[in-house]
**Q** 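Encoded as structure tokens, here's the structure I'll be asking about.
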Amino acid sequence: MKNELEKTYNPGFFEDTIYQKWEESGFFNPDNLNLPNEAPSYTIVLPPPNITAKLHLGHSAMLAIEDLLIRYHRQNGFRTLWLPGTDHAAIATQNMVEKKIFSESGQSRHDLGKEKFLNEVYKFVAETQATILHQTRKMGASLDWSRLAFTLDDSRQKAVKRMFLDMYRAGIIYRGERVVNWCPRCHSTLADDEVEHKEEKAKLYWIKYGPFILATSRPETKLGDTAVAVNPQDPRYQEYVGQELEITGVIGKFKVKVVADRAVDINFGSGAIKVTPSHSFIDNEIAARHNLPGKKIIDEDGKMMSNCGKYAGMTTSVARDAIVSDMQAMGLIDHIDEEYIHNSARCYRCDSVIEPLPSKQWFISVDAPVAHLNEQSLKQAAIAAADKQEIRFLPERFTKRYHDWMENLHDWCISRQIWYGHSIPAWYRGEEIFVGENMPEGEGWVQDQDTLDTWFSSGMWTFSTLGWPDNFQDGIKSGDLARFHPTQVLETGYEILTLWVSRMVMMSLFALGENPFKHVYLHGTILDKAGKKMSKSKGNGVDPLDMINSYGADAVRLSLLMGATPGNDSRYSEEKIEAKRNFVNKLWNISRFVLSDLDETSLASSANILPEAKTLADRWILGGLLSTRKTVDEAMANFEFSLAADTLYDFTWNKLADWYLEVAKIEKDKGQILVYLLKNILIMWHPFIPYVTEAIWQSFNESLIMVEQWSTWNDKLDFWVANTAKENDFIFLQEAIIAVRNARSENKIEPARKVQALVVGERANLLLTQAPLLLGLRTGIDSISCDTKASEEKAIKIVIDKTEIYLLGAVDADKEQARLFKEKENLEKLIISLSARLGNQEFIDRAPTNIVQVEQEKLTRYRVELENINIALKA
RNA sequence: GGGCUCGUAGCUCAGUUGGUUAGAGCGUUACGUUGACAUCGUAAAGGCCGCCCGUUCGAGUCGGGCCGGGCCCACCA
């Protein structure tokens, strides 16, 4: 024993020094692991947190899960890389800084100018990034900091520029005019996923429109109308289809064409709609189908343009009121519905009403064939990856969501009208466009003022962090890219399945022709105690650092891992963390007990060599350890982290601590077995609760448990198989002991009250030989002997405080009889059913007849046999 | 409107292809504990597994319907 352990585990005392030790060891970096060349790689890239704010519990859950996978694989001989980074989160960050500057000085970004404003952003980013990295370390995350990346650093800028050029040259990126979601406040386009729809009350205006009366909630767009559309099935308006009509408007008469289009709902309003191609998505689609011109009347500030006569310069809502009152004066309003409920589209960042606007933007075509993907489009290739299960989603149901979303994907608008972000490598001179690495030769070129959608750079995350494009020449990967790509697991929240995961797949397929990962593990959202989403506005967020300070990082990690299943939200509660803190302390004290007064020889014994089992309890506990190991391995392979932890938890507390340590106390034998058990459970627990296990390990080891390999396992299977059969014997003993304790504590000691004659032969001997030792522990037994009661079976007579107890077994005989009877009944039904289907008596003849003579083992064997027949029959 | 998901002990949740007596943590109650640990131990109480129908020898598990929560997508001019 190198260091005496304190009575309780104090996380704050150990965590920082241990983390420092890990980091200084260099083992977070797989290059330092001294592995044979053929060691398989295991890579996870950390989903880069937005640098807008400090981490919340959701991030902690992410870190706990990924660090679990990483540490587990590192301890199992993999070349394990966990690659850290942060995301510049263009729009979010810019908004954050704008708000900050405005509250501090009342200035807007335009007041500051682009250069000064960006400097403010860089300052902000440096601060928050430092906070985030600090929090990440506190969680114990074993990330390879030497490979730290940022979505907007120099390497990533190079990669992004290159990707843009490659896609442009492949004809995948193009510039085009589209109606886009425009936020007049952020002055930027928004992706469809960035638009939030909110139910709101509005007015629905029924306006007189030539021969029609039609309903609109936006009468001001009448100034941009170029058509009226009706459903082709609608008998009411057939006569007008194809005609050109002259309409009276508030700034004079104008002409519209009447078209028939399937997008029009016969049952809504009057069944006729006005078509404003420039300011409505649906109208734009209708216009495209019928070759109708558009007329832009709203500008980028959300104001009416100069072609709107006296309304020019008004915001749309002011113009709406003005136009409505003018129309009323002209008798053009039929009536108004005041209570109209509709969904208004709003900016997910600033909540402004979205204005659909036509605009020149850069797009990635998801439908254009890509030569090096066998002429598949990005969409087709990305769908195929999931359908062919080259990428597997956990839980599986998200495959469908991914698939459906991909199917309906439109071209991806990648340009954003904000300052902070990746600049677009395109230059303009008049009508000329140049796309290239640098500004072209010659006078008068101006670079595109827009920046790229933040998902463009984060979509490249799995390979831009591994040295692409330098590590990819002529289709051959080298360096980190060859070694660590594709990655094994992408672990992230299900809410960004479509935003991010889908884009990573497309980007990787385009750049490398391979999938970015094999598994996508989607964790749920951490909700507050009441089941509500945590958010800043509600003030119900929890700072993980507070929890770490109060309970330790291990307790926080364990509370996030246990009781959570993939894809399902889970509730956070402090009680949960407290319970895990108690467990961590339990493990600490188990170690304290094992390690105290231990001789050096035992202490030095290997965690890898199975010690000799002398007693029933030895065999039981070693068998238990090995079966625990088996279950944990299987659970880890299936991403069942909660099950893995549960299994270890149960073994450690309920078997090892509550029973085996008690036995060890009686036998006063703290030998190799205890050390073997301790070393192995510490190693197995380490990926879950790295700090406490390392702290204990360090108290008697020079090396780090972080790189201690899980003991070899296959050679011990025989032992395990042989000894699980003995498990029942030990359980029987446990029950016997409990029965005695109860009989005592209830102070109503009646001979054989609880237990009936099921103990015969071998088991009675077992009790006689083993029980005295165990029973003697805390019961104050006067004597134990074998006796024969009124019944003919052997019984154990135990005398406590001069009162006699006859212990015949620990299982309630009535219950046991009832169970066996039911079991037999069920079997008989099964037999009858099978016989009927097979048309013979074979099974009836073989059925167990006398339940009293039937042993459980035989029943079970018979049942298994019948089930196999049943399965065969069904197939 | 389309899709997904959940409903199991007082609370939070497990329950892997249908199969013995449906589990855990917390909480409650009773009892216990002088040396690993009160951040402890032993036990008890507590379940129409949302409801109905079906498939099956057998359903918490599979199918259909209903009730009730949550989420996602589309979108109304």
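These numbers were taken from a predicted model, which means no experiment stands behind them. By convention in this document, chain letters (A, B, ...) are assigned in the order of the sequence lines, proteins followed by strands, and residues within each chain are numbered from 1.
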**Q** Just call it for Asn568(A): base, sugar-phosphate, or nothing, with non-hydrogen atoms closer than 4.0 Å on any strand.
**A**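 Counting heavy atoms under 4.0 Å across all strands, the contact made by Asn568(A) is with sugar-phosphate only.
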**Q** For rA74(B) and rG15(B), measure between their C1' atoms and round to the nearest Å.
**A** 36 Å
**Q** In whole angstrom, give me the gap between the C1' atoms of rG18(B) and rG1(B).
**A**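 To the nearest whole Å, 36 Å.
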**Q** Does the gap between the ring centers of Phe641(A) and Phe688(A) come in under 6.0 Å?
**A** no
**Q** Using the benzene-type ring in the case of Trp, are the ring centres of Trp685(A) and Phe583(A) under 6.0 Å apart?
**A** yes
**Q** Within the structure shown, what part of the strands sits under 4.0 Å from Lys400(A) by heavy-atom distance: base, sugar-phosphate, or nothing?
**A**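 Touches sugar-phosphate only.
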**Q** Report which part of the nucleic acid Ala635(A) touches: base, sugar-phosphate, or nothing (heavy-atom distance under 4.0 Å, all strands).
**A** nothing
**Q** Assign Arg581(A) to base, sugar-phosphate, or nothing according to its heavy-atom contacts below 4.0 angstrom with the strands shown.
**A**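 Base, at least one base atom sits under 4.0 Å.
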**Q** Between rC66(B) and rC4(B), how far is it from one P atom to the other, in whole Å?
**A**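 About 15 Å, rounded to a whole number of Å.
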**Q** Just to be sure I understand: a Watson-Crick pair is purine N1 to pyrimidine N3 plus N6-O4 or O6-N4, both under 3.5 Å. Using that and G-U wobbles, which stems of three or more pairs involve RNA chain B?
**A**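 Looking at RNA chain B, the stems formed by three or more consecutive pairs are B:1-7 with B:67-73, B:10-13 with B:23-26, B:28-32 with B:40-44, B:50-54 with B:62-66.
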**Q** Aromatic contact between Phe398(A) and Trp405(A), with the criterion being ring centroids under 6.0 Å apart: yes or no?
**A** no
**Q** Applying salt bridge (Lys or Arg N to Asp or Glu O under 4.0 Å) to Lys655(A) and Asp650(A), what does each step give before you reach the verdict?
**A** CA-CA 7 Å; Lys655(A) 293 198 170 78; Asp650(A) 176 63; 3.1 Å; yes
**Q** For this output row, return yes or no: ring centroids of Tyr521(A) and Phe393(A) closer than 6.0 angstrom.
**A**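 Not close enough - the centres of the two rings lie 6.0 Å or further apart.
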**Q** Locate the shortest heavy-atom distance separating Asn654(A) from Trp659(A); write the atom from each residue and the value.
**A**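 For Asn654(A) and Trp659(A), the tightest heavy-atom pair comes out as O-CD1, 3.3 Å.
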**Q** Taking OP1 and OP2 of rU12(B), is either one under 4.0 Å from a side-chain nitrogen or oxygen of Lys576(A)?
**A**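 False: Lys576(A) side-chain N/O out of range (4.0 Å or more) of rU12(B) OP1/OP2.
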**Q** Using a cut-off of 4.0 Å on non-hydrogen atoms, how would the nucleic acid contact of Ser573(A) be classed: base, sugar-phosphate, or nothing?
**A**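 Since no nucleic acid heavy atom lies under 4.0 Å of Ser573(A), the category is nothing.
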**Q** Between rG2(B) and rU56(B), how far is it from one P atom to the other, in whole Å?
**A**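 Comparing P positions in rG2(B) and rU56(B) gives a spacing of 32 Å.
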**Q** Test for a donor-acceptor pair under 3.5 Å between the base of rC37(B) and the side chain of Lys586(A), counting only N and O atoms.
**A** yes
**Q** Using a 4.0 Å heavy-atom cut-off across all strands, classify Ile282(A) as base, sugar-phosphate, or nothing.
**A**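 Counting heavy atoms under 4.0 Å across all strands, the contact made by Ile282(A) is with sugar-phosphate only.
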**Q** Specify the closest pair of heavy atoms between Pro356(A) and Val179(A), including all atoms of both residues, with the distance to one decimal.
**A** CB-CG1, 3.6 Å
**Q** With heavy atoms under 4.0 Å as the rule, sort Thr565(A) into base, sugar-phosphate or nothing.
**A** sugar-phosphate
**Q** Just checking, Lys222(A) and Tyr205(A): is the charged tip under 6.0 Å from the six-membered ring centre and within 45° of the axis?
**A**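 No cation-pi geometry.
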**Q** It should be established whether Arg571(A) places a side-chain nitrogen or oxygen under 4.0 Å from OP1 or OP2 of nucleotide rC13(B).
**A** yes
**Q** Using a 4.0 Å heavy-atom cut-off across all strands, classify Asp658(A) as base, sugar-phosphate, or nothing.
**A**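 Answer is sugar-phosphate: Asp658(A) comes under 4.0 Å of backbone atoms only.
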**Q** Check the phosphate of rA77(B) against Lys203(A), side-chain N and O only, distance under 4.0 Å to OP1 or OP2. Yes or no?
**A** no
**Q** Classify Ala215(A) by what it touches in the nucleic acid, base, sugar-phosphate, or nothing, heavy-atom distance under 4.0 Å.
**A**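 Counting heavy atoms under 4.0 Å across all strands, the contact made by Ala215(A) includes a base.
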**Q** How would you label the contact of Ser642(A) with the nucleic acid (heavy atoms, under 4.0 Å): base, sugar-phosphate, or nothing?
**A** nothing
**Q** Specify the residue among Ile590(A) and Gly563(A) whose closest nucleotide of RNA chain B lies further upstream toward the 5′ end.
**A** Gly563(A)
**Q** According to a strict under-4.0 Å criterion, is Arg592(A) in side-chain N/O contact with OP1 or OP2 of rC37(B)?
**A** yes
